[in-house]
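Notes follow once the structure below has been shown.
By convention in this document, chain letters (A, B, ...) are assigned in the order of the sequence lines, proteins followed by strands, and residues within each chain are numbered from 1. Nothing here was measured: the structure is a model prediction, and the numbers come from that model.
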Number of protein chains: 2
Amino acid sequence: MEYKLLLVEDDASLGYLLSEYLKMKKFSIVWVKNGNNALKILEEHQFDLCILDVMMPDMDGFNLAENINQKNSSIPFLFLTARSLKIDVLKGFSLGAVDYIRKPIDEEELVVRLNNLLYILAKKNTSQKELYKIGLYTYNPLDFELCFENENWQLTSRESELLVYLLKNKNHICKHKDILTTIWGKNDYFNRKSLNVFVTRLRKLLKNDPTIKIVNIHNQGFKLINK
Amino acid sequence: MEYKLLLVEDDASLGYLLSEYLKMKKFSIVWVKNGNNALKILEEHQFDLCILDVMMPDMDGFNLAENINQKNSSIPFLFLTARSLKIDVLKGFSLGAVDYIRKPIDEEELVVRLNNLLYILAKKNTSQKELYKIGLYTYNPLDFELCFENENWQLTSRESELLVYLLKNKNHICKHKDILTTIWGKNDYFNRKSLNVFVTRLRKLLKNDPTIKIVNIHNQGFKLINK
DNA sequence: AATATCATTAACTTTTTATTAATCTTTTTT
DNA sequence: AAAAAAGATTAATAAAAAGTTAATGATATT
C-alpha cells in the first residue's frame with residue numbers, strides 16, 4: 001500500500017529534493033509551498049500524513065497546524081524544521097503534532113521514521129490480523145486456528161509452531177536440523193521422533209485439500225508443497 | 001489515567017534521576033537494570049511502554065528488543081540512548097521500536113514525546129457503556145447485570161471484569177498473562193488458580209445458551225466463542 | 001460485634017499434550 | 001535382492017495444566 005503525504009515547504013530546492021526522494025521511496029507525495037494551498041488541497045484530497053515546515057512567509061507551520069485543527073480535520077501532521085529550540089518542540093507537540101523532526105536529517109532516517117509513524121497510526125485504526133493462506137485452508141497463528149470451509153481446528157502450541165515454520169518456507173525445504181533447533185531447541189534422536197509424530201498430525205489436519213502435501217526429502221527434511 | 005512505564009537502564013544515577021523525574025510527572029514507573037530482569041517483569045506485569053537503553057552489559061537493548069519480539073509480546077518499546085549513529089537508529093526501528101531518542105535529551109521534551117507516543121498508541125478503548133450481546137444473553141457492564149430471557153444475574157466486580165475482557169476479545173484468544181496482568185495486576189501461580197475459579201463461574205452462568213463456550217487453549221489462555 | 005459478601009486458597013479430580021515406545025513401510029546402500 | 005537406515009503411524013505414558021467444589025479469610029455492611 002502506498003502512503004499519501006502532503007509536504008508543505010516554501011523552500012524550492014529543499015521541497016524539490018525531498019519530494020523527489022520520497023517519490024523514489026514509493027510514497028505518493030503532493031508538495032505545496034504555503035499554508036493556504038495546503039488548506040485548499042486538504043479540503044479536496046485525503047492524505048495519510050502532512051509534513052509541515054515551520055518557517056514560512058505569510059502563514060507559518062504552527063499557524064497552519066492551528067488552522068488544520070480548527071477545520072476539525074483528523075489528518076495527522078508532523079513538523080520538519082530547522083527550528084530546534086525546546087520551546088518550539090513543545091509548541092509543536094502541544095498543537096497536536098505526531099512528531100517533531102529537526103533539520104537537517106538524514107533522508108534514510110526520515111523515511112524510516114515516516115514509515116514507522118504511518119504504521120503506528122494505521123495500527124490504531126485497524127486491528128491487524130495475520131493470516132496464512134494455504135490451498136483451501138487459512139491459518140490464524142494468533143488464535144491457533146486452522147480453517148477449512150466451515151470446519152475449524154484448534155491447534156496446540158507445538159503444532160502451531162511447526163505449521164508456521166513450514167508455511168514461512170512454503171515450497172522450500174525445511175531441514176530437520178533447522179526445524180529441531182529452532183522449535184525444539186535441540187536436534188537429537190528423540191526430538192526427531194517427536195517431529196515425525198507432529199508431521200503426521202499436520203498431514204492429517206491438511207488432508208482435506210489434496211493439493212497440499214508435506215513431503216519428506218530423505219535425510220534432508222520436509223517441504224510443505226502447494227503451488 | 002496513569003501510564004505504566006518500564007525503564008531498562010543500567011546506569012544507576014541516570015536511572016534514578018529519570019525514574020524520579022517521570023514519577024513526578026505522574027507516570028507509574030518500574031526501573032530495572034538489565035534485560036533479564038526486564039523480561040521477567042514483563043511476564044508478570046502489564047506496561048504501556050518500555051524505555052530501553054542500548055548499551056548495557058550482558059544483554060544490550062537491541063538484544064532485549066529481539067527477545068521481546070520473540071515472546072510475541074505486543075508491548076511497544078523505544079530506545080533512549082547515546083548511540084546516535086544512523087545505523088543504530090535504523091536498526092532500532094527495524095526491530096520494531098516506536099521511537100529512537102538520542103541522549104542527551106531535555107527531560108521536559110522527553111515527557112512531551114512520551115505522552116505523545118502513548119496518546120498515539122492508546123487504542124481507542126471506547127469503554128463500552130452499552131449492552132454487550134452474546135448469544136441469547138445480554139450483559140450490562142454498568143450495573144453488572146447478565147440477562148437471559150427472563151432471568152437476571154447480578155455479577156460481582158471480578159466476574160464482570162473477566163466477562164468484559166472476554167467479550168471485548170470475542171472469538172479471539174485471551175492469554176493468561178494478559179488477563180492476569182490487566183485484571184489481577186500480577187501473573188503468578190495463585191492468581192492463575194483464581195482465574196480458573198472465575199472461568200468456571202462464568203461457564204456456569206452462560207450455560208443456558210449452548211452456542212456460547214469458554215474454551216481453554218492449553219498453555220495459552222481462554223477464548224469466548226460465539227460465532 | 002455480628003453478618004454477609006466475595007476473592008482467594010486448598011484439596012482433589014480430570015483433561016490435555018509432548019514425548020517415548022512399538023510396529024510397520026519406504027528408501028537407500030551394499 | 002538383502003540389509004540397513006530413515007520415515008510413518010498408532011498407541012502408551014507421564015507430567016503439567018485445567019476444572020471443580022469447598023474452605024478460608026478479608027472487607028464491607030448492618
**Request:** Measure the distance from CZ on B:F190 to C1' on D:dA26 and round it to the nearest whole Å.
**Result:** 16 Å
**Message:** For a quick check under 3.5 Å, do B:T81 and B:Y100 share a side-chain donor-acceptor pair by atom type?
**Reply:** no
**Asked** In whole angstroms, how far is the P atom of D:dG7 from the CD1 atom of A:I179?
**Response** 11 Å
**Request:** Report yes if a side-chain nitrogen or oxygen of B:W184 is closer than 4.0 Å to either non-bridging phosphate oxygen (OP1 or OP2) of C:dA7; otherwise report no.
**Result:** no
**Fill in**
Nearest heavy-atom approach of A:I75 to A:F47 is CD1-O, 2.9 Å
**Prompt:** According to the interplanar angle, ranging from 0 to 90°, do the rings of A:Y137 and A:F148 count as parallel (below 30°), tilted (30 to 60°) or perpendicular (above 60°)?
**Reply:** tilted
**Item:** Nearest-Å distance for atom pair CG/P, residues B:N191 and C:dC6
**Value:** 19 Å
**Prompt:** If you measure from CG on B:N69 to CG on B:L64, what distance do you get to the nearest 0.5 Å?
**Reply:** 9.5 Å
**Asked** Over how many whole Å does the gap from B:I217 atom CD1 to D:dG19 atom C1' extend?
**Response** 15 Å
**Nucleotide C:dA7, atom C1' - distance to CG of B:D188 in whole Å** = 14 Å
**Fill in**
Within residues 200-211 of chain A, the residues having a heavy atom closer than 4.0 Å to DNA chain D are A:T200, A:R203, A:K204
**Prompt:** Given C:dA18, C:dT9, C:dA21, which nucleotide is nearest the side-chain atoms of A:F198?
**Reply:** C:dA18
**Message:** Quick check on D:dA8: is either OP1 or OP2 less than 4.0 Å from any side-chain nitrogen or oxygen of A:N196?
**Reply:** yes
**Asked** Does A:S157 place a side-chain N or O at less than 4.0 Å from the phosphate oxygens OP1/OP2 of C:dT17?
**Response** no
**Request:** Using whole Å, report how far NZ of A:K193 lies from P of C:dA22.
**Result:** 12 Å
**Shortest non-hydrogen contact from B:Y139 toward B:V164** = CE2-CG2, 3.9 Å
**Prompt:** If you look at every strand shown and take non-hydrogen atoms under 4.0 Å, does A:Y189 touch a base, only sugar-phosphate, or nothing?
**Reply:** nothing
**Message:** Side-chain N or O of A:R192 versus OP1/OP2 of D:dG7: is the shortest distance under 4.0 Å?
**Reply:** yes
**Request:** Indicate whether OP1 or OP2 belonging to D:dA18 is found under 4.0 Å from a side-chain N or O atom of B:N216.
**Result:** yes
**Message:** Closer than 4.0 angstrom, basic N to acidic O: yes or no for B:K23 and B:E20?
**Reply:** yes
**Complete:** Nearest-nucleotide check on DNA chain D, B:V197 vs B:H218; residue mapping nearer the 5' end is B:H218
**Prompt:** Below 4.0 angstrom from OP1 or OP2 of D:dA17, is there any side-chain N or O of B:H176?
**Reply:** no
**Request:** Check the distance between C:dT27's C1' and A:N219's CG and give it to me in whole angstrom.
**Result:** 10 Å
**Request:** Rounded to the nearest angstrom, tell me the gap between atom CG in B:L180 and atom C1' in D:dA17.
**Result:** 14 Å
**Asked** Does B:N191 reach the main-chain N or O of B:K186 with its side chain, forming a donor-acceptor pair under 3.5 Å?
**Response** yes
